[in-house]
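Accompanying notes for the structure given below.
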Amino acid sequence: MAGQVVQMDYEAIQRVSNGFNTAKQTLTGVGKVLEVLINVLRATAFFSLGTSAALANYLELIKKKVEKLAKICEEFANDLARAITDHRNGDFQGKRYFGEGISR
C-alpha cells in the first residue's frame, strides 16, 4: 500500500453534493405542497363521502416517503461536502460515514 495516491476532483464532487442539495430542496417543496393538498382533502372529506379522506391518506404515505428521501439527499450532500473538506485537510484514509449507511 506504500506509494498509493488518493486523488479527488473537488469540483466534480462539489457538483454532485450540490445536486443532492438541490434534490433535497425540491423534495422538501413537494412535501410542503402535499401537506397543503392533504389538508384541503381532509377539510372536504365530509362532502365527498370519504373519498377525499382516502386520497388524503394515500398522499400522506407519499409525503412521508418524499420527506425520507429528502433527508437521504441531505445526508449524501453533507457526506460529500465533509469528504472534500477532509481530503483538503490531508485525511486520505477516508471516513467511516460512508460505510455507516443511511441514518434514519
Side-chain angles (χ1 to χ4, degrees):
M1 293 282 176
Q4 183 178 10
V5 177
V6 178
Q7 296 180 340
M8 180 184 291
D9 184 347
Y10 298 131
E11 291 80 24
I13 301 300
Q14 187 62 55
R15 282 192 303 271
V16 173
S17 177
N18 292 344
F20 278 116
N21 226 354
T22 301
K24 179 203 74 124
Q25 292 171 354
T26 302
L27 289 167
T28 301
V30 169
K32 289 177 182 180
V33 169
L34 285 170
E35 182 68 30
V36 170
L37 291 173
I38 290 165
N39 290 334
V40 168
L41 288 169
R42 291 214 168 114
T44 61
F46 177 75
F47 301 109
S48 68
L49 303 174
T51 305
S52 294
L55 184 55
N57 291 337
Y58 180 69
L59 291 180
E60 184 71 35
L61 291 173
I62 293 172
K63 180 179 156 269
K64 288 178 184 177
K65 303 271 186 199
V66 165
E67 289 172 345
K68 185 176 180 179
L69 188 55
K71 288 179 184 177
I72 291 170
C73 288
E74 180 178 26
E75 184 174 342
F76 286 172
N78 291 338
D79 286 351
L80 290 170
R82 287 189 310 181
I84 292 169
T85 302
D86 289 345
H87 193 270
R88 282 185 174 149
N89 292 334
D91 179 5
F92 301 111
Q93 298 299 316
K95 292 290 185 181
R96 64 185 179 98
Y97 45 76
F98 285 112
E100 291 175 347
I102 299 168
S103 61
R104 295 193 169 110

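Nothing fancy with the numbering, it's 1 onward along the sequence.
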Are [X] and [Y] linked, directly or through other ILVMFWY residues, by side chains that come within less than 4.5 angstrom of each other?
X   : Y   : answer
M8  : F76 : yes
I84 : V16 : yes
Y58 : L41 : yes

Side-chain contact, heavy-atom cut-off 4.5 Å: E74 with N78?
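The answer is yes, as the side chains (C-beta and beyond) meet within the 4.5 Å cut-off.
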With R42, the side-chain contact (heavy atoms from CB on, under 4.5 Å) member among L55, N57, L59:
N57
Rounded to the nearest 0.5 Å, how far does CZ of R82 lie from CG of L80?
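Going from CG on L80 over to CZ on R82, the span is 10.0 Å.
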Set of residues satisfying side chain to side chain contact (heavy atoms under 4.5 Å, CB included) with respect to D9, sequence neighbours excluded
E11, A12
I need the minimum non-hydrogen distance between S17 and A77, along with the two atoms involved.
OG-O, 2.8 Å
Table please: side-chain donor-acceptor pairs of residues 26-38 below 3.5 Å, with sequence neighbours left out.
from	atom 1	to	atom 2	distance (Å)
T26	OG1	T22	O	3.0
T28	OG1	K24	O	2.8
E35	OE1	K63	NZ	2.9

Is a side-chain donor-acceptor pair under 3.5 Å present for Q14 with N18?
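Yes, a side-chain donor-acceptor pair sits under 3.5 Å.
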